[in-house]
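For reference, the structure discussed in these notes is given below.
Sequential numbering from 1 along the given sequence is applied to the chain's residues. Values reported hereafter were calculated over all heavy atoms of this structure, with side chains retained and with hydrogens, waters and symmetry mates removed. Treat the numbers as computed from the prediction; the structure is a model and nothing was measured.
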Amino acid sequence: MTDYLAGVDLGTTGVRCCLFDLEGRKYSEVYHEYGSNYPMPGWVEQDFEQMIDQTFITCRETISKSEIEPERIKGIAFSAQRSCFCPVDRNGKLVRPMISWQDARAQKQIEEVRALISENEYINETGLPLGTTWLLGKILWMRENEPRLYEKIDRIVQCQDLILRAFGGDDWLTDLSCAAFYGVWNVRETQWNERLLSLFQLQKETFGRPMTSGTQIAVVNAEVSKKSGFAIGTPLCLGAGDQNCSVLGMGGVRSGLATITLGTAGLAILSTDRSVSDLGGMFCTNHIVPNMWEIEGLSNAAASSFRWFRDELGLYESFKAKEEGTSVYSLLERQATESTPGSKGILFLPYLASAATPRWNPSARGAFLGMTFAHRRCDLIRAILEGVALEVRDMMEVWKRQKYPVETTRIGGGATKSQIWNQIQADVYGTSVQIVREQETAALGAAILAGVGVGLFSSYAEGVDSMVQISETIEPDESRHQIYEDVYQLYVNAYESLANNGFFDKIAKFQSQK
């Protein structure tokens, strides 16, 4: 009788539950959105209770849809969005809405950190550039701006910790790959950084207890079974951050394998067993595999840029898609094919949620540049697809400069459903790209961790060999690549011109005025 594993992916904009067999074939999948709140420009918060409710609903519907007996699901693990600030009281309840990794409110606090420790010192000790993405700035912001709420805090945890508790865990557990995002972790030695804890007057006991991914930590109880649809006694296993899970779900268990995921966020991640030194604006986390690291580049917006276009400027296509019973994205992508490489000279800077790797500019804002009366809607759409790929290319340049070898490049995430976007990526990067058979790589990675946790796989590598398959390899077109070499230089020049003359700072200041 076939065994199954559940991978549950709590992303930034929604939750997805997938059931896989041990060869990585997906038997059932359900997705529900929950969205974010934006109280002020640069602020991004989420209602975790809504996220939990949607997660239980999604799991129930996935199991019901599969018609698989719940007892045949041998384990559950979670992929969870990373670097989310979750302050909870003694009763395990959030004392304020969860602050998203996309939130950029802590700019002042980051400058205060910079006055205490240099950028080079900080990144050398933590693996993280100084920036608003990580929890440290958010902690300091709350301490300064919400002191009464801050006094109620018993623990400061992340999304993985909260979802495990909601499913029956009895401890606050952070997977090792997410420990770096507290901002006071020694990524090279895989332990807390006592110097930084002291410098910022923080206690490691306040945070989630770091533990190895793929560890069984509890079983589903009767109450959770009723809410989720999983059988009583189903093992609950510690998962990992969504992008760490995605790397595993794309087979990244050996040094030199690069994975590029375009989802709500975009990540370009190189798995390496080489001791990390100069990161050149990238950041570093502990790999799921012991004694390995991930050198990561982050795009805060990535495919969210395309979603923004859909929501704000794609109302006609949304109506048409419902009428035709098709995807709104497929209609938009069809229009993008009517444009040409380089989008007839339109550049899109995809900084709708500020600039992350390798530029780390919280004031950066998105922009279309080069528009004329000759341009059409199709050019704008293609420019978005290209702009997101160009930002990833900006990250890949760091790997080249730091001489980290890249042997294989694989792409994943929701964007791989788009054939034109896949080809644009190959053409912009100038390298062949492999597409994995299962596009929901974060959920697959979580399922592999569940398999390790319950003993169906003896190692992460065995789980990858069993469940990860390559479906297609796309080769770059050399002539298009040469066009994109020129476009990339325009992209870099455009960013630097706007940053160096203070435009981003001025517009961000204007937007923050009440």
So, [X] and [Y], do they make that salt bridge, N to O below 4.0 Å?
| X | Y | value |
| --- | --- | --- |
| Arg437 | Glu23 | no |
| Glu144 | Lys108 | yes |
| Glu194 | Lys204 | yes |

Worksheet entry | Close side-chain approach of Met292 and Ser271, heavy atoms under 4.5 Å |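 Yes - at least one pair of side-chain heavy atoms lies under 4.5 Å apart.
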
Item to complete: Apply side-chain contact (heavy atoms from CB on, under 4.5 Å) to the pair Glu294 and Ser177, showing each step before the final yes or no.
Response: CA-CA 9 Å; Glu294 294 184 1; Ser177 64; over 6 Å; no

Fill in: Separation of Asn422 CG from Leu385 CG (nearest 0.5 Å)
10.5 Å

Item to complete: Look at the side chain of Ser198 and the backbone N and O of Arg195, then say whether any donor-acceptor pair between them is shorter than 3.5 Å.
Response: no

Practice prompt. Answer yes or no: is there a donor N or O on one side and an acceptor on the other, between the side chain of Tyr351 and the main chain of Ala301, under 3.5 Å?
Written response: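 Pair absent, no side-chain N/O of Tyr351 close to backbone of Ala301.
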
Worksheet item: Are the aromatic ring centres of Phe181 and Trp134 under 6.0 angstrom apart?
Response: yes

Item to complete: Taking the six-membered ring for Trp and the full ring for Phe, Tyr or His, determine whether the centres of Phe20 and Tyr4 are under 6.0 Å apart.
Response: no

Practice prompt. Please determine if Arg165 forms a cation-pi arrangement with Trp172, meaning its NZ or CZ atom is less than 6.0 Å from the six-membered ring centre and no more than 45° off the ring axis.
Written response: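 Yes, a cation-pi geometry.
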
Discussion item. Tell me whether the NZ or CZ atom of Arg393 lies within the 45° cone about the ring axis of Tyr488 and under 6.0 Å from its centre.
Written reply: yes

Worksheet item: If you look at every heavy atom in Trp293 and Asp273, which pair is closest and at what distance?
Response: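 Distance-wise, the nearest heavy atoms are CZ3-O, 3.9 Å.
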
Item to complete: Look at the rings of Trp360 and Phe283 and say which category their plane angle falls in: under 30° parallel, 30 to 60° tilted, over 60° perpendicular.
Response: perpendicular

Discussion item. Would you call the rings of Trp141 and Trp43 parallel, tilted or perpendicular, taking 30° and 60° as the class edges?
Written reply: perpendicular

Worksheet item: Side chains of Glu296 and Thr285: do they bring a donor and an acceptor to under 3.5 Å?
Response: yes

Worksheet item: Taking atom types as modelled, is there a side-chain donor on Tyr429 or Gln425 under 3.5 Å from an acceptor on the other?
Response: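 A donor-acceptor contact under 3.5 Å links the two side chains.
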
